[in-house]
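Below is one structure, written out as structure tokens; comments come after it.
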Amino acid sequence: MMKLCNRGEISAVVFLLVTMVGSVSWLSMAGLHMELPLLTPVLPEQWSLASYIHLIMAIGNLTSVIICGMCGLMCGASACSSRDVVYAMQTVNMAFCLVLIYIWNIQAYVFGAWRSVGLFISAYLISVADATGNIAVYSYMSNYKAVYMTALCLGEGLGTAVPAVIAFIQGVGEHTRSLCRVADDGGQFHVSQQSLSNVTEDIRHSRFTLQSFYGIVIIYIAVGLISFILLNNLELTKCERTNSMDEIEEESSRKSSRSNSGSENNAKSITEIKMKHYGSTTTTEDEDAGGEVNDTNKLSIGIIVGLLIMEFVVMSPLYGYLDPLLPYATFPYSYHTYHTINSVGNLPAVVIALLSICYTVKSTVSLSIFTIISTILAAYITVNVSLTPDVILRYESVGPILMIVAFLLMKSVCVYTRISIACKLADQGENMMTWYGIVNRAATGLGPLVSYLIVNVFQVIEGGFESC
């Protein structure tokens, strides 16, 4: 056991295993984001590729919510159910990554244009597996001490940092030549084939291919699956649980085999077993003494709603609407600017998560201030998006530096705020993290949908290609 500042004693082994499990939650989709600088110039969607990918991610989030609802994960189902879903999703995730390796470059003529159907199908399958597994992990972790929520958030930070490091090593080529456009006789602009050839040649100078990149990702997911197996079976991990999942599973199975009353009675039996072994988890005034939440830690409904709103606000630019629009704010500087933000931009999330092990903000006022700061930084990047291709200080050396710094600060503040909110809500009982997961999925789902409408339907933003 070890003591982390004022967070109490925890098991270092369990902490590391939870971190590893959390790091594979969004690994494969984060990896696809890292590969966008290599895919954008060679696929027919070009600059709008990011918005398509994020739209598919939004649809995948919605699909995962439906799947989890059918499995009962969003309705207080047993921990053993969420455990089985995590096993399944990590396994199929490796299979979907393998599918991506073989079909990413398959194209078809759909709705009057060439589409990257191979990449889109793979991205959808991966996003469903990632989102479903992520919700299941939150449900599963409700059975561990609240302090391990920090380890889970740290793992999620690593889940974006690991593919970022791989992509940074991979590189986008040694040159930074840009795409330019020419007008045809009808006045319509098209990408110059010569500039496209130049950028494609740059991409060939990358140190290894997308296939090799996802081969590394598959190996990492396999390590995460092994970590989850150890988390479920090592004896020392059982001491860190707030209830005994093994006893719940065993007794629930016996009652299910003797009863044909349906899922309602089965869920009731699980609740009875938990109450029998660990006391009621209700939060009424008469039962607080025996439940998970006592009067000193219980938050009012107003504060909980406010925290969830803040979570939505910080998650929207972090993993929602801003990522699909980022190429429009960075490509006018150079491809290298976009690649740097995608690669190095995820590393501060890990540093912030490590710092949050010792201290997280508990004051609702402080969390509100952090939310406002992150919103201002996100607004600066959004203004740059609206100005593309004439972004702020485009031809000045300080322009891309200012953009990178603004993004790093925004990401750092957003990550620290959401970790603090997660730790604050984790003390409110095992069902609260379900609402936390719902808000996360809403932010990461609605944001890309808005970005897709702006870019591909209303065409409000014009790609910042250089004139030939």
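From a predicted model like this one, the values you see are computed outputs, not experimental measurements.
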query = Is the shortest heavy-atom distance from the side chain of Phe331 to the side chain of Leu326 under 4.5 Å?
reply = no
query = Which pairs count as salt bridge (Lys or Arg N to Asp or Glu O under 4.0 Å) when at least one residue sits in residues 325-340, sequence neighbours excluded?
reply = none
inquiry  = Just to verify, what does Leu16 make a side chain to side chain contact (heavy atoms under 4.5 Å, CB included) with, not counting sequence neighbours?
reply    = none
query = Taking all atoms of both residues into account, what is the closest heavy-atom pair of Ile381 and Ala329, and its distance?
reply = O-CB, 4.0 Å
request  = To the nearest 0.5 angstrom, please state how far the CD1 atom of Ile126 sits from the CG atom of Leu27.
outcome  = 10.0 Å
query = Do Pro317 and Met410 have side chains that get closer than 4.5 Å, going by heavy atoms?
reply = yes
inquiry  = Once side chain to side chain contact (heavy atoms under 4.5 Å, CB included) is applied, do any residues pair with Thr371, and if so which ones, sequence neighbours excluded?
reply    = Met310, Val313, Val314, Thr375, Thr417
ask   = When rounded to the nearest 0.5 angstrom, what is the spacing between CG in Leu367 and CD1 in Ile372?
value = 11.5 Å
ask   = How are the rings of Tyr144 and Tyr140 set relative to one another: parallel (under 30°), tilted (30 to 60°) or perpendicular (over 60°)?
value = tilted
task = State which residues pass ring-ring contact (aromatic ring centres under 6.0 Å, His included) with Phe96; sequence neighbours excluded, sorted by chain then number.
result = none
query = Tyr333 and Tyr338: aromatic ring centres closer than 6.0 Å?
reply = no
query = What pairs with Tyr321 under ring-ring contact (aromatic ring centres under 6.0 Å, His included), at least two apart in sequence or on another chain?
reply = none
inquiry  = Using the rule given for side-chain hydrogen bond (donor to acceptor under 3.5 Å, both in side chains), can you reason through Thr337 versus Thr340, listing the C-alpha separation, both sets of side-chain angles and the distance that settles it, and then say yes or no?
reply    = CA-CA 5 Å; Thr337 303; Thr340 300; over 6 Å; no
task = Kindly determine whether Tyr52 and Ser116 satisfy side-chain hydrogen bond (donor to acceptor under 3.5 Å, both in side chains), including the steps that lead there.
result = CA-CA 10 Å; Tyr52 279 105; Ser116 305; over 6 Å; no
task = Answer yes or no: is there a side-chain heavy-atom contact under 4.5 Å between Gln90 and Val24?
result = yes
inquiry  = A side-chain contact here means heavy atoms from C-beta on lying under 4.5 Å apart; do Leu39 and Trp104 qualify?
reply    = yes
message = Taking side-chain hydrogen bond (donor to acceptor under 3.5 Å, both in side chains) as the cut-off, I'd like each qualifying pair that reaches into residues 13-23, sequence neighbours left out, listed once.
response = Ser23-Tyr220
note = Residue pairs passing the salt bridge (Lys or Arg N to Asp or Glu O under 4.0 Å) test with at least one member in residues 156-169, sequence neighbours excluded, are Glu156-Arg418
request  = Before giving the answer on side chain to side chain contact (heavy atoms under 4.5 Å, CB included), spell out for Leu377 and Phe407 the whole-Å C-alpha distance, their side-chain angles and the decisive distance to 0.1 Å.
outcome  = CA-CA 7 Å; Leu377 293 169; Phe407 186 85; over 6 Å; no
request  = For Tyr124 and Thr63, test the side chains for any donor-to-acceptor distance below 3.5 angstrom and give the result as yes or no.
outcome  = yes
ask   = Can you find a pair of side-chain heavy atoms, one from Leu299 and one from Lys424, that are under 4.5 Å apart?
value = yes
ask   = Less than 4.5 Å apart, any side-chain heavy atom of Leu225 and any of Tyr87?
value = yes
inquiry  = Please enumerate all residues that pass side chain to side chain donor-acceptor pair (under 3.5 Å) together with Glu35, with sequence neighbours excluded.
reply    = Gln170
key: Main-chain N/O of Met29 paired to Asp130 side chain as donor or acceptor, under 3.5 Å   = yes
message = Using side chain to side chain contact (heavy atoms under 4.5 Å, CB included), reason through Val137 and Met141 one step at a time and then give a plain yes or no.
response = CA-CA 6 Å; Val137 166; Met141 286 306 300; 4.1 Å; yes
task = List for me each residue that meets side chain to side chain contact (heavy atoms under 4.5 Å, CB included) alongside Ala30, sequence neighbours excluded, and say none if there are none.
result = Thr160, Pro163
task = Kindly write out the residues that satisfy side chain to side chain donor-acceptor pair (under 3.5 Å) with Ser412, not counting sequence neighbours, or none if the list is empty.
result = none
key: Contact check, side chains of Asn384 and Thr388, non-hydrogen atoms, under 4.5 Å   = no
ask   = So, do Leu210 and Leu38 sit near enough that their side-chain heavy atoms are less than 4.5 Å apart?
value = no
message = Once side chain to side chain contact (heavy atoms under 4.5 Å, CB included) is applied, do any residues pair with Ser212, and if so which ones, sequence neighbours excluded?
response = Phe208, Thr209
task = Output yes when a side-chain donor or acceptor of Thr237 lies under 3.5 Å from a complementary backbone atom of Leu234, and no otherwise.
result = yes
task = Write out all pairs satisfying salt bridge (Lys or Arg N to Asp or Glu O under 4.0 Å) with one or both partners inside residues 208-221, taking only residues at least two apart or from two chains.
result = none
